[in-house]
Participant: 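Here it is: the structure, laid out below.
So that the names make sense, note that chain A is the first sequence line, chain B the second, and so on, each numbered from 1.
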2 protein chains.
Amino acid sequence: MLLGSGNVATQLGLALLKAGHKVDQVYSRHYESARALALKLRSVPVGSLDDLSMEADFYILATRDDAAEKVIRKLAVRRKKEGGKNKLIVHTSGTLPLSLIKPASTSYGVLYPLQTLSKNKMIDFTQVPVCIEGNTKATEKQLKLLAGSVSKNVYVVPSDKRKVLHLAAVFACNFSNHMYSVAEKILKKNKLPFKILLPLIQETAERAKAGSPLQMQTGPAIRGDQSVMKEHLRMLHNDKMLAEIYRLMSRDIGEKPDILRNKS
Amino acid sequence: MLLGSGNVATQLGLALLKAGHKVDQVYSRHYESARALALKLRSVPVGSLDDLSMEADFYILATRDDAAEKVIRKLAVRRKKEGGKNKLIVHTSGTLPLSLIKPASTSYGVLYPLQTLSKNKMIDFTQVPVCIEGNTKATEKQLKLLAGSVSKNVYVVPSDKRKVLHLAAVFACNFSNHMYSVAEKILKKNKLPFKILLPLIQETAERAKAGSPLQMQTGPAIRGDQSVMKEHLRMLHNDKMLAEIYRLMSRDIGEKPDILRNKS
């Protein structure tokens, strides 16, 4: 069972299908979204938790965190009424604690894919690092099998560490992608093609493999090149938000140990 | 002649050497830096502009912007005294205008490599996009030859567009690399290996090739997932600077058109 129809639900669902699992139902409170994903997964869409079968082997909760608690509460109520608290329920959130699911089952865990996933951008899921956590050793073993069927990189990670990983991932992925977006916006405004930055973006990511990004830092802020920074802020004077981001980032980069500065 | 001994000077110098050029002298006001680079380039270090020969075919100014103007002024004075204003002088800055060099020569231009370069990280310079600009058509032609000898991707870009490219590059490269650094810092503090984020970083950069980064944005801010963002800010409460970066970035990401939001 897949609860959710967003980016994670879509890519995880496709990976499960590919690994030979059967997804009986896809739930989303937006029925149309459930339907669209169910079509891809040869599954059945449901728009209400009341229509969810309680007979599946495992339930994967891939809604946004905001909605997860509500879904769990609903599942807990149905379990109580209908019995059978022993079905495996996992969530896929980087931030929510394992314990959240406790009311709904005696067997629960987390299956968190540490990767940026989009509905329409296909990915080789076997290469995605998957962090798992189970409420018991038996559940952990079960989850290792489940996660291992879709990915080659399975890590057992407790809730507190997973939360840290997620926070770090927001910086390394979501915020760095936003920096690409800002660059795109600046270029577009000046009728320049974003494409010209691609070698730079690739090399920057490539260098992260080679060593500490802190030591790989280049640019005006780490050089302390005041005249460049002043000119850039002048160019951004019409966009307060970008100017503020520029200032804050440069300040944070500049506060690095002197030894990392490149003098000329 | 190479003036400067930093990241750009080093990688450009190595590329020139590889392409069969001879670098007669390497100037840096830090003699030891000049010496270190001269050794790599089988060249002669000079620590004072008074010792610079005025007889070379071209002079490449790869100091930081802060220092460039002073160097140009000095060159202009020597030219005036010693005659011969027709030697090609170029700077390598993304931000400085072409006109800066005017006092020092009748033949001047810009050769700006749009790539992140470090002294000790080797790079295939033939793949680096190089933006050139010359004060006359003849100089532009000369520069095309020079730049074309080290790179396959040479673009003629006027000063105002080059400045925009540089600003965009600071966001796409320097700031995204800083986001990797922040992630590294967060992981280190929690004894987690940075390596686990590498697939995520690679995929994020890879996705920039596939389309607009704006449309590729994922994460709590674009989802509008308040509970995750709240928890992340709680985790960052001991680091004001990072909390401020988190807040500002999330706010800017969240201000995207509603159509880009992923609902579940």
Participant: With rounding to the nearest 0.5 angstrom, report the SG to CD1 distance, C131(B) to I196(A).
Facilitator: 4.5 Å
Participant: Where on E206(B) is there a heavy atom nearer than 4.5 Å to chain A: the side chain, the backbone, both, or neither?
Facilitator: both
Participant: Does some side-chain heavy atom of L248(A) sit less than 4.5 Å from a side-chain heavy atom of M241(B)?
Facilitator: yes
Participant: Does a donor on one side chain and an acceptor on the other come within less than 3.5 Å for T218(A) and N177(B)?
Facilitator: no
Participant: Relative to chain A, which segment of A208(B) carries a heavy atom at a distance below 4.5 Å: side chain, backbone, both, or neither?
Facilitator: both
Participant: So H166(B) and V228(A), do their side chains get closer than 4.5 Å, heavy atoms only?
Facilitator: yes
Participant: Counting distance only, does the side-chain N/O of E184(B) pair as donor-acceptor with the main-chain N or O of S212(A) below 3.5 Å?
Facilitator: no
Participant: For L165(B), is it the side chain, the backbone, both or neither that has a heavy atom under 4.5 Å from a heavy atom of chain A?
Facilitator: both
Participant: Is the side chain of Q115(A) donor-acceptor paired with the backbone N or O of P199(B) at a distance under 3.5 Å, no angle test?
Facilitator: yes
Participant: Pick one of side chain, backbone, both or neither for E231(B), based on which atoms fall under 4.5 Å of a heavy atom in chain A.
Facilitator: side chain
Participant: Answer with side chain, backbone, both or neither: which region of K163(B) has an atom nearer than 4.5 Å to a non-hydrogen atom of chain A?
Facilitator: both
Participant: With a 4.5 angstrom heavy-atom cut-off, which part of Y155(B) approaches chain A: side chain, backbone, both or neither?
Facilitator: side chain
Participant: Taking T116(B), I186(B), I201(B) one by one, which has the highest count of heavy-atom pairs under 4.5 Å against chain A?
Facilitator: T116(B)
Participant: Where does K209(A) contact chain B at under 4.5 Å (heavy atoms): side chain, backbone, both or neither?
Facilitator: both
Participant: Ignoring hydrogens and geometry beyond distance, is a side-chain donor-acceptor pair present between S227(A) and R64(B) at under 3.5 Å?
Facilitator: no
Participant: Give, as side chain, backbone, both or neither, the part of L242(A) having an atom under 4.5 angstrom from any heavy atom of chain B.
Facilitator: both
Participant: With L167(B), which of V182(A), L236(A), L187(A) fulfils side chain to side chain contact (heavy atoms under 4.5 Å, CB included)?
Facilitator: L236(A)
Participant: With a 4.5 angstrom heavy-atom cut-off, could you sort out which part of L198(A) is near chain B: side chain, backbone, both or neither?
Facilitator: side chain
Participant: Evaluate the ring pair (Phe, Tyr, Trp, His ring centres under 6.0 Å) criterion for residues F175(A) and F175(B): first the C-alpha distance (whole Å), next the side-chain angles of each, then the deciding distance (0.1 Å), finally the verdict.
Facilitator: CA-CA 9 Å; F175(A) 291 173; F175(B) 291 172; over 10 Å; no
Participant: Hey, does S176(A) have a side-chain heavy atom less than 4.5 Å from the side chain of Y180(B)?
Facilitator: yes
